[in-house]
Amino acid sequence: MKKTLLIALFSILTLANDLKIVSDEYEGDNKKGISIFSGNVKATLKRDKLNADKITIYTNKSNKPTKLIAKGSVEFFVQTEDGSKYEGSAKKAIYLPQEKIYNFFDDVKITQLDDKKEIIGQEVKVDLLNSTAQAKSSKDKPVVMIFEVEEKNSTKSAQ
Amino acid sequence: MAINIFFISIASILVAIFVLFKPIKLSQMNSKEFSLIDSTNMKIYKIDESSLKSTLYAKDAHQFKDRIEFEDVEYIKNMKDNKEYLDSKYATYKENIITLTQNVLFKTDDGVKFKTAKAIIEEKSDTLKSDGKFTLSKDGSYVNGVKLIYNSKTKKVKAKNIKGIYKL
């Protein structure tokens, strides 16, 4: 009984650090180390979630993922090391597992859930290790940042 | 009177034959197929002008008119840059197509492993197909799904209904 529980616990702990991916279709090229998942693709990595029409995974010689490229209707939820939570959408996303950096491209809408900040831009970088988010604009589309300001209650302010 | 009894008894026998005896249809006859050659612990080597292409080992083999059936099969295929290994409980070889059933395990030198219940190898096109559930793994990462097509030459895989786990 104890052994079974230990095995189950070990499996849960090891799976928690894995990249899980579900899709309708799959194409793999073992020579090049490329795996293409398409059709309702849902990827989960620790607490992060990435949904897209197509996700391409590039692997090294030991079959470890080095880069993920998500394309199509990209929707995401990511959490940095300090616990900041971001969710949003884009047309393209690149994740580098070793650096733990997400880059979102084209019509990016990202909301920082805790601070209720919304960023709209053409390129947004979320660094999970340093817990930072940077936005870049394009020539004709500037970065837009929306803050939700809490209005003070008039009765409270009167007191 | 005696003549009447004779004719009546002949007529009765004829009626009984007509009613009780039925012709046997040839297609209904038991057509159990017998093997032409049976062998145990056999090895088949496939060699071209320059090298050994493949080795097939089987605990039991039975050759029929149109096919060869194997039991406890190990198949090794020598590719240009690596080797491929196939194990299964049963296999049938017919017109350049090998059908493997029960505990099918496919391995390559570069660490790719593939498990399924039934697989078909088309020698001409160098493809391995499996319609049912399969697990494809390499270095701890794996992909589960159905309808797998693997090309040995290009090392490309196609499949459907995928659930994959990658070790980071």
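Everything quoted here is computed from the prediction, not taken from an experiment. The chains referred to below are lettered A, B, ... by the order of the sequence lines, with proteins before strands, and numbering in each begins at 1. What's counted below: heavy atoms across the whole structure, side chains too, no hydrogens, waters or symmetry copies.
- Contact annotation for Thr154(B): only backbone heavy atoms (N, CA, C, O) come within less than 4.5 Å of a heavy atom of chain A.
- With a 4.5 Å cut-off on non-hydrogen atoms, Ile57(A) touches chain B through its side chain but not through its backbone.
- Evaluated for a side chain to side chain contact (heavy atoms under 4.5 Å, CB included) with Leu100(B), the options Leu128(B), Ile121(B), Leu105(B) yield exactly one hit, Ile121(B).
- At a 4.5 Å heavy-atom cutoff, Lys42(A) makes no contact with chain B through either its backbone or its side chain.
- Salt bridge annotation for Lys94(B)-Asp66(B): present, with a cationic side-chain nitrogen under 4.0 angstrom from a carboxylate oxygen.
- Neither the backbone nor the side chain of Ser38(A) comes within contact range of chain B; no heavy atom of the residue lies under 4.5 Å from a heavy atom of that chain.
- Taking a cutoff of 4.0 Å between a charged side-chain nitrogen and a carboxylate oxygen, Glu87(A) and Lys85(A) do not qualify as a salt bridge.
- Looking at Lys92(A) and Asp106(A), no side-chain N of the basic residue comes within less than 4.0 Å of a carboxylate O on the acidic one, giving no salt bridge.
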